[in-house]
Amino acid sequence: MKLRKSEMAAIGSGRGTMDSQNQVQSDTVDRLKLLYPNVNEEETPLPRAWSTKDKFSYIGLSQNNLRVHYKGHGKTHRDAASVRATHPIPAACGLYYFEVRIVSKGRDGYMGIGLSAHGVNMNRLPGWDKHSYGYHGDDGHSFCSSGTGQPYGPTFTTGDVIGCGVNLVDNTCFYTKNGHHLGIAFRGLPPNLYPTVGLQTPGEVVDTNFGQQPFVFDIEDMLKELRARTRVAIDEFPLPDEQGQWQQVLHRMVSTYLVHHGYCSTAQAFSRATGQPIDEDIASIKNRQRVSKLVLAGRVGEAVETTRRLWPGLLERDPDLLFLLKCRQFVEMVNGTDCEASEDGANGVATSVISHTGRPHKRSNGVAADAAEEGGGRDVDMAPAANGDHEDEALPLVKGMPGVTASVAALLPDRFEADASSQRASVERMLAFGRELYAMSQKLSQDLYHKSMLEDAFSLLAYSNPWDSPVGWQLEPVRREAVCDALNSAILESQGMQWSSPVEACVSHARSLLRRMSRASLGACAFADLSALLAR
Amino acid sequence: MQQFTVFMDIESSRSYIDELYSSDAVKVMEALVTLKNSVIGSNRQKSSVISQGVVPRLLQLMSEESLDPNIRLEATITIGSLAKGTPENIDSLIEKGTATALVEMLKTVPLGSKLAEAALCALRSIFSHKPAPVDALPADMRLLTRLTQIAREDSQEARTSVIRVLAVWCSGTVEQEALTCAGACSAAAAMLVVPPRSVPSPSRLVPALELLAAMCFKNPNVAQVALNTRHGDKSIPELLMCLVSRDKPLVVALKAAKCLTFLQRAGALPADDSRIVFGALPCLARLCTKENTEDIRASAAEVLAYLTEVDTSLQRLAAISNHLMSSLADIVNCQSAAAKQGAFKCFASLGANDEDIRKMIIETHGLMVHVVNGLNNPDPCVSLAAVRCLHSLSRSVQQLRTTFQDHAVWKPLMQLLNDSPGPELLNVGSSTLCNLLLEFSPAKEPMLDQGAVEMLCNLTKMSDPALRLNGIWALMNMAFQAEQKVKQRILCCLGTEQMFRLLGDSDTRVIMKMLGLLRNLLSTRQHIDAIMSEYSSQVMQAVIVVLEGSYPAEVKEQALCILGNIGDGEKSKDLIMANEDVLRKLVDYLAHPESKLQEAALFVAGNLVWRGEAGAAARQQRLAELGLLRALKLLRASHHAAHLHDKVKTALAQFNEFT
């Protein structure tokens with residue numbers, strides 16, 4: 001049903017399609033995503049159902065592979081049968097939990113709930129073999145890779161909800177019965193275990209909740225505890241004396257950060273207050289600050305010129321950076337914040353060539369009115385021009401600018417016929433700039449990154465209202481920051497300084513450590529909330 | 001600022017102390033500041049200053065309303081500093097009326113002022129001392145209302161102080177009710193709110209939780225008010241529920257669980273309330289686990305013992321929660337008396353009602369050894385708790401036969417009871433003894449050798465009816481199917497005089513058990529005749545006393561049963577037959593409106609007229625003369641006695657020769 005909704009939406013508009021897709025995802029995924037925010041499902045998918053392949057033949061599955069029933073003879077323990085979940089438990093869950101409701105205990109209620117590693121015999125109940133762990137309903141015993149159980153908890157039967165939790169920080173497993181914590185059952189668990197259930201007599205049926213539904217047990221309470229505990233562990237981690245001089249280290253970090261980003265006066269004031277030395281001379285910082293300000297204001301052309309003047313040869317040595325700047329310059333031209341200072345000498349005329357369809361109008365009048373007014377009833381091709389293969393395009397391409405359809409280019413002068421010819425000139429200038437940019441890109445190594453950057457930028461021209469288009473995000477001022485950072489880093493590097501500030505290096509180092517922890521099955525990575533730690 | 005050293009001696013400090021008494025406000029102020037600075041952080045200086053007698057002057061400077069507020073403030077702060085000294089320092093402060101003076105001051109000082117805060121801070125320090133001078137704070141509504149107003153509105157420091165003081169002060173029903181009227185519940189509730197994303201502060205939360213617990217303890221009225229008190233969008237139980245969660249500091253979670261427990265035990269929350277079942281109970285079970293510190297575990301076990309003391313469903317739930325049994329067994333192993341006591345009490349509560357749980361407790365590794373060791377513990381609190389645990393477990397028939405025997409638990413128990421025990425220990429201990437003396441308990445014999453009979457007879461002479469009951473009950477159990485020499489020993493040791501005294505006991509239950517003892521003594525034919533040959537007159541007299549006295553029906557029933565037993569003896573029958581008075585009563589009871597008395601009388605009659613025994617015909621004739629036959633026939637015709645008809649027929653059948 002959900003799928004159909006999105007198909008229908010696709011007929012409407014591109015935007016609608018995206019929204020409804022998000023809708024479909026959030027309905028089914030959100031709960032698990034909320035439970036395990038640090039799991040990267042592209043690398044380590046979460047168990048969401050029982051596997052139709054990784055099971056013994058006496059196991060039947062139904063209800064989206066969440067209900068398990070027994071369909072064997074159930075005469076002896078040789079008739080035991082198990083099923084594993086589709087995926088092993090990712091370590092980045094930190095604390096993993098699932099619940100099983102006993103729909104029917106069947107003839108004898110010989111049911112086992114637990115965990116097993118890949119490849120463990122499925123003609124058995126969980127817990128009986130090596131790397132297999134289970135809690136059994138008939139006697140309430142726990143089975144830790146052994147045919148004989150240990151007294152563990154109460155028995156369970158029809159109507160009970162049994163939960164199984166895996167703490168991936170200390171590698172322990174606990175169970176719950178009807179929302180009550182029964183205590184730790186297993187310690188020293190190996191990594192990459194699968195949720196597993198096993199049944200042994202006819203009539204046994206269980207339903208499973210891998211987290212798509214609210215749990216009976218308050219797992220959130222334990223998650224909070226682990227988060228708090230991890231935080232304490234981080235706070236109280238002992239450091240050797242020479243590294244434990246926090247005040248000093250923090251001052252240094254703040255100071256270098258301010259210098260790095262060219263907050264010149266602040267850096268000087270901070271330096272006076274804390275006695276931190278500044279390793280760069282003030283004039284150099286001020287120069288960087290000037291260039292950064294130009295980029296952040298969208299006046300990229302001026303920034304390029306200033307850079308050329310102050311650091312000759314820098315951009316020539318780094319064509320990738322220059323291309324990045326030029327691309328941004330093109331975007332800013334669409335935005336109306338940049339004009340080629342070299343050409344008309346005007347210092348940043350803050351009007352777009354297509355400012356008439358700009359955001360302020362759209363906001364006050366609404367899309368429909370604008371379109372009717374300016375499009376003159378003509379249909380505009382809404383398909384993003386950056387879609388790759390353009391051979392089938394019905395309209396001829398603008399020469400020298402792949403991805404820009406002739407309709408748009410032809411449209412432009414048309415649409416501004418009421419305006420002064422200077423605007424026509426700036427449109428033409430922009431197109432000329434675009435051609436130059438394209439030519440430049442041809443000289444660069446043709447990697448996907450550059451290609452898509454250019455295509456995104458050109459795509460802006462495909463819309464009557466670029467601000468409200470699927471590629472409109474490029475026009476956001478916040479997008480200037482990355483460009484600004486790249487330029488700043490390059491300048492610093494050319495001066496023989498660090499290309500990134502220690503505090504940012506520290507944060508990105510911490511991030512990549514967390515990713516490594518996740519790959520190395522260290523569950524604590526789930527609870528080291530970097531942004532919360534930084535927000536303090 | 002004036003320089004001074006910590007090692008200033010008395011002589012050199014003399015000068016500014018003299019200035020304290022000056023009439024010049026500036027000089028007084030200077031002297032106060034110097035004094036304050038000298039005592040901060042130095043117990044030696046505090047003691048020295050107090051011994052120089054400045055406290056009364058400080059109190060005067062503090063209380064005099066006409067004085068410069070700054071002088072009053074400095075004096076109060078100095079008093080507060082002295083109150084942070086040694087227990088002896090605080091004793092002498094209290095002795096000089098400091099607590100009263102501070103309370104008086106709080107009646108008038110403006111709320112929100114520094115002076116009020118300093119006074120409260122000083123009072124808090126004094127109240128942290130044991131015993132706290134609770135009498136200094138009268139249950140005066142105007143004063144209490146003022147204090148709770150401070151607790152609601154004043155600075156954080158003042159609020160915390162006043163709540164601490166009130167928490168210590170609240171020690172009885174009067175205080176509980178007074179504080180509730182003054183609005184202390186809502187003041188406490190306001191303190192329990194933890195703003196989102198902030199770290200909960202134990203120093204703020206714990207006093208409020210302690211106050212709430214002290215107010216609700218065993219007080220249904222206050223608990224009901226607390227239940228309905230809200231702060232913002234949350235009621236007090238909901239606020240407490242937030243505080244028992246796992247990410248809160250352990251001491252906060254413990255105290256919050258304690259409040260929920262007290263609310264439940266005071267009847268404000270049902271035992272199946274989710275805040276008990278999913279809040280307090282799992283929290284306490286978690287706090288009992290090994291990872292926590294000994295004092296947290298000890299307190300958690302103690303609170304859990306109280307929570308699960310009566311309700312079987314909570315006992316069952318606790319028993320499966322978070323490996324509580326092994327957690328408690330670990331706590332028993334801890335060194336401190338508090339830990340051992342808490343764990344034993346908790347075991348006692350858990351095993352109170354459910355046989356399966358008792359089995360789980362017994363099977364907990366090595367527990368019985370610890371219980372026996374606990375009985376021998378020199379700390380009376382520990383041995384008492386161990387006896388409570390044993391008492392709970394002794395309700396299990398299976399344990400009496402096996403584990404208790406294996407560990408000879410009776411030995412240390414007898415020792416405790418013979419070693420001038422306190423009233424509580426005596427009570428629980430003798431109750432346990434009752435269970436140990438049940439007929440099937442193998443401990444019976446060795447206990448007799450240890451002088452159990454003498455001890456129990458002594459118990460029956462105690463002024464506490466509960467102890468008399470336990471004593472006579474245990475004797476009754478002991479006499480059940482006992483050997484004749486045991487019975488003789490009991491009779492001999494108890495003495496007929498004491499027997500009659502017990503029959504006149506104010507507690508009906510004691511009389512019942514006394515008669516029960518007689519029944520047990522007078523069972524099996526040989527024993528009946530043997531005992532009656534010696535004690536016939538006393539026994540008969542006892543029966544007559546009961547039958548003629550104004551006793552409830554169940555007591556008289558017991559007396560009739562004794563008669564029935566006597567009637568079963570060979571020679572003893574004649575004792576009844578010879579007593580026309582008794583026989584007439586018997587006939588009367590057959591027509592008694594109380595059916596159980598009819599039945600008992602029928603039992604006696606049946607034994608007397610039984611055909612197969614020597615002299616049966618004569619007895620039948622005599623009884624027929626006295627109207628027994630007619631009474632039986634009437635009984636047979638009665639619709640009300642339909643359930644007795646079979647027995648009536650059997651009795652009538654004995655009279656064949658007459659009918």
Side-chain angles (χ1 to χ4, degrees), chain A residues 94-95 97 135 137 139-142 150-157 160-163 165 167 169-170 172-187 214-233 235-236 527 529 531-533 535-536, chain B residues 194 196-200 241-250 252-253 256-257 272-292 308 313-330 354 356-357 359-365:
Chain A
L95 177 68
Y97 184 74
Y135 166 35
D139 55 8
H141 287 185
S142 65
Q150 297 288 319
Y152 167 68
T155 59
F156 57 86
T157 184
D160 285 329
V161 175
I162 302 301
N167 182 328
V169 180
D170 55 15
T172 56
C173 165
F174 66 90
Y175 288 92
T176 66
K177 179 179 172 179
N178 300 326
H180 298 289
H181 195 294
L182 301 179
I184 289 175
F186 309 113
R187 295 174 194 273
F215 289 123
V216 175
F217 177 69
D218 185 2
I219 193 71
E220 187 54 39
D221 194 27
M222 290 192 90
L223 286 168
K224 275 196 276 180
E225 180 194 26
L226 286 167
R227 264 178 231 132
R229 207 186 273 174
T230 307
R231 190 156 173 165
V232 169
D235 287 350
E236 292 177 356
F527 305 115
D529 186 348
S531 45
L533 284 167
R536 278 197 296 189
Chain B
V194 180
R197 295 201 156 271
S198 72
V199 180
M241 188 66 181
C242 295
L243 296 177
V244 296
S245 66
R246 286 169 176 263
D247 59 337
K248 299 293 180 294
L250 298 180
V252 170
D272 60 356
D273 189 283
S274 71
R275 288 158 300 203
I276 296 298
V277 172
F278 291 106
L281 192 143
C283 170
L284 292 168
R286 174 168 58 86
L287 294 177
C288 284
T289 56
K290 253 190 198 165
E291 297 94 78
N292 302 306
T308 58
S313 65
L314 288 179
Q315 288 159 7
R316 291 199 177 119
L317 188 54
I320 63 158
S321 286
N322 221 328
H323 296 313
L324 181 63
M325 294 300 176
S326 47
S327 297
L328 290 176
D330 270 328
D354 189 299
D356 288 340
I357 299 178
K359 198 159 166 279
M360 277 170 82
I361 295 175
I362 296 283
E363 283 168 0
T364 304
H365 181 70

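Naming convention: chains lettered A, B, ... in sequence-line order (proteins, then strands); numbering from 1 in each chain.
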A.B. asks: Sub-3.5 Å donor-acceptor pair from the side chain of N322(B) to the main-chain atoms of L287(B), do we have one?
C.D. replies: no

A.B. asks: Of the backbone (N, CA, C, O) and the side chain (C-beta and beyond), which part of L317(B) lies under 4.5 Å from a heavy atom of chain A, both, or neither?
C.D. replies: side chain

A.B. asks: Whether the side chain of Q315(B) engages the backbone of T308(B) through a donor-acceptor N/O pair (distance < 3.5 Å, no angle test) should be reported.
C.D. replies: yes

A.B. asks: Counting only non-hydrogen atoms closer than 4.5 Å, can you tell me which residues of residues 274-282 of chain B sit against chain A?
C.D. replies: V277(B), F278(B)

A.B. asks: Where do F215(A) and Y97(A) come nearest, in terms of heavy atoms and distance?
C.D. replies: CZ-O, 3.4 Å

A.B. asks: For M325(B) and I357(B), what are the C-alpha separation, side-chain angles and deciding distance, and is it a side-chain contact (heavy atoms from CB on, under 4.5 Å)?
C.D. replies: CA-CA 10 Å; M325(B) 294 300 176; I357(B) 299 178; 3.7 Å; yes

A.B. asks: Only pairs of heavy atoms separated by less than 4.5 Å count here; which of K177(A), K224(A), R229(A) has the most with chain B?
C.D. replies: K224(A)

A.B. asks: N178(A) side chain to V161(A) main-chain N or O, any donor-acceptor pair under 3.5 Å?
C.D. replies: yes

A.B. asks: Main chain of M360(B), side chain of T364(B): is a donor-acceptor contact present, judged purely on distance under 3.5 Å?
C.D. replies: yes

A.B. asks: Considering only heavy atoms and a distance below 4.5 Å, find which of I184(A), D218(A), L226(A) pairs most often with chain B.
C.D. replies: I184(A)

A.B. asks: Taking the six-membered ring for Trp, are F156(A) and Y135(A) parallel (under 30°), tilted (30 to 60°) or perpendicular (over 60°)?
C.D. replies: perpendicular

A.B. asks: Evaluate R286(B) against H181(A) for side-chain contact (heavy atoms from CB on, under 4.5 Å), listing each step before the verdict.
C.D. replies: CA-CA 9 Å; R286(B) 174 168 58 86; H181(A) 195 294; over 6 Å; no

A.B. asks: Please classify the contact of Y152(A) with chain B as side chain, backbone, both or neither, using a heavy-atom distance under 4.5 Å.
C.D. replies: both

